[in-house]
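Below is one structure; the comments refer to it alone.
In what follows, chains carry the letters A, B, and so on, assigned in the order in which the sequence lines appear, proteins first and then strands, with residues in each chain numbered from 1. Nothing here was measured: the structure is a model prediction, and the numbers come from that model.
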There are 2 protein chains.
Amino acid sequence: MTGKKAADARRTSIGAQRNPASQDAILQAAEEILVEGGLGSFSIEAVARRAHAGKPTIYRWWPTRTILLLDVYHRQKFVDIAPDTGAIETDIFQLLSDLLEFWNTGHGGAVFRSVIAEAQTDPAASKALAAYMAERYQQGGEIFRRAKARDEVADWVVPELAMEIITSFVWKRLLTDRLEIAPEQLRLVVRHLVHGLKAQ
Amino acid sequence: MTGKKAADARRTSIGAQRNPASQDAILQAAEEILVEGGLGSFSIEAVARRAHAGKPTIYRWWPTRTILLLDVYHRQKFVDIAPDTGAIETDIFQLLSDLLEFWNTGHGGAVFRSVIAEAQTDPAASKALAAYMAERYQQGGEIFRRAKARDEVADWVVPELAMEIITSFVWKRLLTDRLEIAPEQLRLVVRHLVHGLKAQ
DNA sequence: ACTTGAACGAAACGGCTCGTTTCGTTATAT
DNA sequence: ATATAACGAAACGAGCCGTTTCGTTCAAGT
């Protein structure tokens, strides 16, 4: 992606201040390890080795493995959660399609899977994930607010809840390693999902 | 649940055959650890301590932590995946309601969460989970096959896929620790889900 | 009746990882 | 000029992992 490995040059202190080169090398090494080996290979020790960084340097800025993981996660580029194509069905297709592509082709899938897995073990990760998801549902609910303004979906549809529902399916596919969904198959899924959301 | 702890009595060899008392104590201790401390506390060592069993005894019958975890999982009582209430909407409500209750009140939720988390790390767990889910979709698809026979859902509905979709939402709730859903709220979710599955 | 062999729990092992501490070095901040 | 803090490397003790050893208990086979 960036074209360079986690640790190209030797680094050292640049005085009584944080060294951004070390910070970058550590975060990049962490992401590489997640992508290549998954959460099982992800440890402070392994990241330090790969980044040619000292363990105390990592522990100074990222007190726990979970915090480092979440930092890697937050540095990702995220997909547009509320595309506006003019129709609810194509909006949802676009959103899910973008999510799948992001998870499939980039590093996003491996990182996000790891965050979810970590949340099953670490309350800090669980709390962070909950907060993040709530924000995303709020933002993404815009799709349904717009559609309601167009009288395209029923009154009783709750935007945030609908958002949560339509993203659930791809979550499950991510966690069960079945992300490769052909466009026509995805269209069928969206058809299942959307038809009930339309006003009669 | 059973009323007794993992290891009440001292056990020893009963000759050149497997000791079912040890087997039970180990599986019960494993389940207790999962419920009380989650996957993070789950190790062969911890299970051996709690069950007053020797580590070699565990390794003899469950070569890896994942295999032990899956054995705990498979010993659960599972909910009826295809309730037959006569109408698709109440069928789905019943199914999701049963799932939520099982996960909430019993040990099922903690154990299943752990299996999903383990599947993010261990390919063996991932494979086992995939096989199990495929079987469940197949069985649960019966709900939609019956509904199609009644002309209650559209022709294009794919039973197994519909099953996957409607269970996705509670999966996500399980994994984000938001299982407590009031009946009227669940009814709303089902309304979101089902309405699109109905024939016009 | 006697021997063989397997399962059992306990203990100890070598190896590994974890989070911390120590060290000498670098360079900013005062 | 001095104090302070960050840096990477190395080493530390603690704990867990998977295995081995040990003495004991009995079913299975002769």
Side chain of A:Tyr59 - closest among D:dG8, C:dA7, C:dG19: C:dG19
Nearest-angstrom distance from the residue atom CZ of B:Arg60 to P of D:dT19: 12 Å
Length of the line joining B:Ile58:CD1 and C:dA10:C1', which is rounded to integer Å: 13 Å
Rounded distance (Å) that lies between atom P of D:dC17 and atom CZ of B:Phe42: 11 Å
Protein-nucleotide distance (A:Glu45, atom CD; C:dT20, atom C1'), rounded to Å: 12 Å
Chi angles and distances behind the salt bridge (Lys or Arg N to Asp or Glu O under 4.0 Å) call for A:Glu118, A:Arg65: CA-CA 10 Å; A:Glu118 188 80 350; A:Arg65 171 183 117 126; 2.6 Å; yes
Between CH2 on residue B:Trp156 and CG on residue A:Leu188, distance to nearest 0.5 Å: 7.0 Å
Interatomic distance, A:Ile26 CD1 vs D:dC7 P [rounded to whole Å]: 7 Å
Lys/Arg N to Asp/Glu carboxylate O, A:Lys55 vs A:Glu45, below 4.0 Å: yes
Short side-chain N/O contact to C:dC8 OP1/OP2 from B:Trp61, under 4.0 Å: yes
From D:dC7, C:dA11, D:dG18, nucleotide with atom closest to B:Pro56 side chain: C:dA11
Protein-nucleotide distance (B:Lys55, atom NZ; D:dC22, atom P), rounded to Å: 18 Å
A:Glu142: partners by side-chain hydrogen bond (donor to acceptor under 3.5 Å, both in side chains), with sequence neighbours left out: A:Arg145
Length of the CG-P vector between B:Asp24 and C:dC8, whole Å: 12 Å
N/O contacts under 3.5 Å, protein versus nucleotides 26-30 of chain C?
from	atom 1	to	atom 2	distance (Å)
C:dT26	O2	A:Ser13	OG	2.9
C:dA27	O4'	A:Gly15	N	3.4

Nucleotide C:dA11, atom P - distance to CZ of B:Arg49 in whole Å: 13 Å
Given C:dC18, D:dC7, C:dG9, the nucleotide with the shortest approach to the side chain of A:Asn19: D:dC7
Evaluation steps, side-chain contact (heavy atoms from CB on, under 4.5 Å), between A:Trp62 and A:Leu70: CA-CA 10 Å; A:Trp62 298 275; A:Leu70 289 172; over 6 Å; no
Chi angles and distances behind the ring-ring contact (aromatic ring centres under 6.0 Å, His included) call for B:Tyr132, B:Tyr73: CA-CA 11 Å; B:Tyr132 170 73; B:Tyr73 174 56; 5.2 Å; yes
Validation row, ring centre A:Trp171 to ring centre B:Phe169 under 6.0 Å: no
